[in-house]
Amino acid sequence: MSVGIRDVARVAGVSTATVSRALGRGPVSDAVREQVEAAVRATGYRPNLSARRLRSKAAQTIGLIVADIRNPFFTAVSRAVEDAAYAAGMRVILCNTDEDPAREAMYLRLMEEERVTGVIFAPTKVTADGLRADSLSFPTVFIDRSGLPGAHDSVVLDNAAAAASLVDHLVAQGFKRIGGLFGSTSSTARERQAGYAAAMARYDLAPLARSVAPNAAAAETEATRWLSQPDRPEALILSNGLMLMGAVRATRTLGLAVPKDLALAGFDNEPWTDLVEPGLTVIEQPVAEIGAQAMRLLFERIEHPGQPVRKVTLSGRAVLRSSTRRGGGLVIQCPLARYPAFALPLRPTLGFLPRSLG
């Protein structure tokens, strides 16, 4: 049976009101406080923190709702958010949705019940498109995803420019049949697909794009099917790190040599991407900056709830490795990798500075 405040009061020989004051650092004598604390230890009582927050009307808790905690991108962003919250004396409630709108709705209800101070959220496109400015009762900042214009503050990557730069690189290496495998649930993947398609059009190349669930297993299945066909792409861009991992597994299953049989490029400069052979060309995202900027926007929104909605757009950086090399390209030492990379003109937007704050 659970132990309640009445049990503590009975053991301590005081009223329940006295127990509440003692536990809440209210006006009681030191002797009574010690008496109550001894009763708490004896009974094993644990205060109901949610009820206490309801009474105080000050949660001092940040909700963090991410799309897939297995994705190292969200792991790194979560660390940056938690660091900022800890420095501000706040706690973090972490929720993982697996890109499921039903779970997103459930966790948003939880945030209401917990009376959180604010929420940082990476929503699916389905959920984001349904959240107006007045849909939530707490300040909310979107990360890695865009919502309705002017509805919520957000911190995102310049996804279209990043994807286009990968196409530029592959074309410069001599590839023409460049495929793209993109996630099917988020605005991020759609923006990356749009950037890919626009870049392909600039070179008068036909886009070869497909969409799947944004995880390694789905990407591996689709890549295995696609790359088994006689008209398979000669280069493939993947829209996140987990999908890139799935594509690597597919090439090994099919016995394809990278980059001789297929060039590979993607997003997220995780440690494994330059430990495999050959190293993989990727767009490195400023994950720590994304988390820090999101917390800054959230704190400012809490302090100034009526200020205009802002969107911070950050740029990625291309890390060029051997998975996209063809022929005798000029080799340079890439500052973000231990292995040689190819000297190619990159778009001047690539760098780790905010491109816009509108």
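Numbering of residues begins at 1 and proceeds along the displayed sequence. For the numbers below, each heavy atom of this structure counts, side chains included, while hydrogens, waters and symmetry mates do not.
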Exercise for the section: Determine, using the 4.5 Å side-chain heavy-atom cutoff (strictly less than), whether Val126 and Leu131 are members of one ILVMFWY cluster. Expected result: no
Practice task
Drop me the distance from Thr273's OG1 to Phe267's CZ, to the nearest 0.5 angstrom.
Solution key: 13.5 Å
Fill in the blank from the handout: side chain to side chain contact (heavy atoms under 4.5 Å, CB included) filter on Val212, not counting sequence neighbours, yields Leu181, Ala218, Glu222, Met243
Exercise for the section: Using the side chain to side chain contact (heavy atoms under 4.5 Å, CB included) rule, take Leu298 and Asp153 through it: C-alpha gap first, then chi angles, then the decisive distance, then the call. Expected result: CA-CA 8 Å; Leu298 185 61; Asp153 297 321; over 6 Å; no
Exercise for the section: Using a 4.5 Å cut-off on heavy atoms from C-beta on, say whether the side chain of Asp98 contacts that of Arg70. Expected result: yes
Exercise for the section: Determine whether Ile93 and Met111 make a side-chain contact, defined as any pair of heavy atoms from C-beta on separated by less than 4.5 Å. Expected result: yes
Problem - Residues Val319, Asp274; criterion side chain to side chain contact (heavy atoms under 4.5 Å, CB included); working and verdict - result: CA-CA 10 Å; Val319 183; Asp274 78 345; over 6 Å; no
Handout entry: ring pair (Phe, Tyr, Trp, His ring centres under 6.0 Å): pairs with one or both residues in residues 61-112, sequence neighbours excluded
Key = none
Problem - His152/Leu136 under side chain to side chain contact (heavy atoms under 4.5 Å, CB included): CA gap, chis, key distance, verdict - result: CA-CA 10 Å; His152 297 282; Leu136 301 173; 4.3 Å; yes
Handout entry: Co-membership, hydrophobic cluster, residues Leu208 and Leu236, 4.5 Å side-chain
Key = yes
Handout entry: Backbone of Pro101 reached by a side-chain donor or acceptor of Thr124 within 3.5 Å
Key = no
Handout entry: Any side-chain donor near an acceptor of the partner, Glu114 and Thr61, under 3.5 Å
Key = no
Problem - Contacts of Gln307 that satisfy side chain to side chain contact (heavy atoms under 4.5 Å, CB included) - sequence neighbours left out - result: Glu300, Arg301, His304, Arg310
Completion exercise
When rounded to the nearest 0.5 Å, the distance separating OG of Ser146 from CG of Asn159 is 7.5 Å
Practice task
Specify the closest pair of heavy atoms between Gly174 and Glu234, including all atoms of both residues, with the distance to one decimal.
Solution key: O-OE2, 4.4 Å
Handout entry: Partners passing salt bridge (charged side-chain N to carboxylate O under 4.0 Å, His left out) against Glu99 (at least two apart in sequence or in another chain)
Key = Arg145
Completion exercise
d(Ser184 OG, Gln193 CD) to nearest 0.5 Å is 10.5 Å
Practice task
Compare all side-chain heavy atoms of Thr251 with those of Leu262 and state whether any distance is below 4.5 angstrom.
Solution key: yes
Exercise for the section: Can you sort out the partners of Ala39 under side chain to side chain contact (heavy atoms under 4.5 Å, CB included), two or more places apart, ordered by chain and number? Expected result: Val8, Val11, Ala12
Practice task
Without swapping roles, check the side chain of Thr117 against the backbone of Gln60 for a donor-acceptor pair under 3.5 Å.
Solution key: yes
Practice task
Verify the cluster assignment for Leu242 and Leu227: are they in a single hydrophobic cluster under the rule of side-chain heavy atoms below 4.5 Å apart?
Solution key: no
Completion exercise
Sorted by chain and number, sequence neighbours left out, salt bridge (charged side-chain N to carboxylate O under 4.0 Å, His left out) with Glu112 holds for none
Handout entry: Min side-chain heavy-atom separation Leu205-Val171 under 4.5 Å
Key = yes
Problem - Val287, Val282, Asn71 screened by side-chain contact (heavy atoms from CB on, under 4.5 Å) with Asp268, the one that passes - result: Asn71
Exercise for the section: Any pair with a residue in residues 242-266 that passes salt bridge (Lys or Arg N to Asp or Glu O under 4.0 Å), sequence neighbours left out, goes on the list, sorted by first then second residue, please. Expected result: none
Handout entry: Heavy-atom closest pair, residues Pro214 and Thr185
Key = CG-OG1, 3.7 Å
Exercise for the section: Just grab all the ring pair (Phe, Tyr, Trp, His ring centres under 6.0 Å) pairs involving residues 171-228, residues at least two apart or on different chains. Expected result: Phe182-Tyr196
Problem - Single-linkage hydrophobic cluster Ile178~Leu244, side-chain heavy atoms < 4.5 angstrom - result: yes
Problem - Nearest-0.5 Å distance, CG of residue Leu280 to CE of residue Met245 - result: 10.0 Å
Completion exercise
Taken in chain and number order and not counting sequence neighbours, the residues that satisfy salt bridge (charged side-chain N to carboxylate O under 4.0 Å, His left out) with Asp100 are none
Problem - From Ile290 atom CD1 to Leu157 atom CG, the distance as rounded to the nearest 0.5 Å - result: 6.0 Å
Exercise for the section: First locate atom CG of Leu166, then atom CG of Leu320, and finally report the distance between them rounded to the nearest 0.5 Å. Expected result: 8.5 Å
Exercise for the section: Quick one: list whatever passes side chain to side chain contact (heavy atoms under 4.5 Å, CB included) with Ala128, sequence neighbours left out. Expected result: Pro123, Phe142
Problem - By salt bridge (charged side-chain N to carboxylate O under 4.0 Å, His left out) - contacts of Arg232 (at least two apart) - result: none
Exercise for the section: Would you check if the side chain of Thr75 reaches a backbone N or O of Ile69 as a donor-acceptor pair within less than 3.5 Å? Expected result: yes
Fill in the blank from the handout: When every non-hydrogen atom of Ser239 is compared with those of Gly183, the smallest separation belongs to OG-N, 3.0 Å
Fill in the blank from the handout: For residues 174-190, the salt bridge (Lys or Arg N to Asp or Glu O under 4.0 Å) pairs (sequence neighbours left out) are none
Handout entry: For Asn96 against Arg103, the heavy-atom pair lying closest together
Key = O-NH2, 2.8 Å
Practice task
Would you check if Glu113 and Leu110 make a side-chain contact, meaning some heavy-atom pair closer than 4.5 Å?
Solution key: yes
Problem - Partner of Gln285 under side-chain contact (heavy atoms from CB on, under 4.5 Å), chosen from Asn240, Leu314, Asp144 - result: Asp144
Exercise for the section: Would you name the heavy atoms of Leu64 and Ser78 that are closest together and state the gap between them? Expected result: CD2-OG, 3.5 Å
Handout entry: Test item: side-chain donor near acceptor, Thr324 and Gln173, under 3.5 Å
Key = no
Practice task
Kindly work out whether a path of hydrophobic side-chain contacts (I/L/V/M/F/W/Y, heavy atoms less than 4.5 Å apart) joins Leu297 to Val156.
Solution key: no
Handout entry: Main-chain N/O of Phe138 paired to Thr140 side chain as donor or acceptor, under 3.5 Å
Key = yes
Practice task
Report the C-alpha separation of Ile237 and Leu170 in whole Å, then their side-chain angles, then the decisive distance to 0.1 Å, and conclude whether the side chain to side chain contact (heavy atoms under 4.5 Å, CB included) test is met.
Solution key: CA-CA 10 Å; Ile237 295 172; Leu170 289 166; 3.8 Å; yes
Completion exercise
Closest non-hydrogen contact found for Thr281 with Arg321 is OG1-N, 2.8 Å
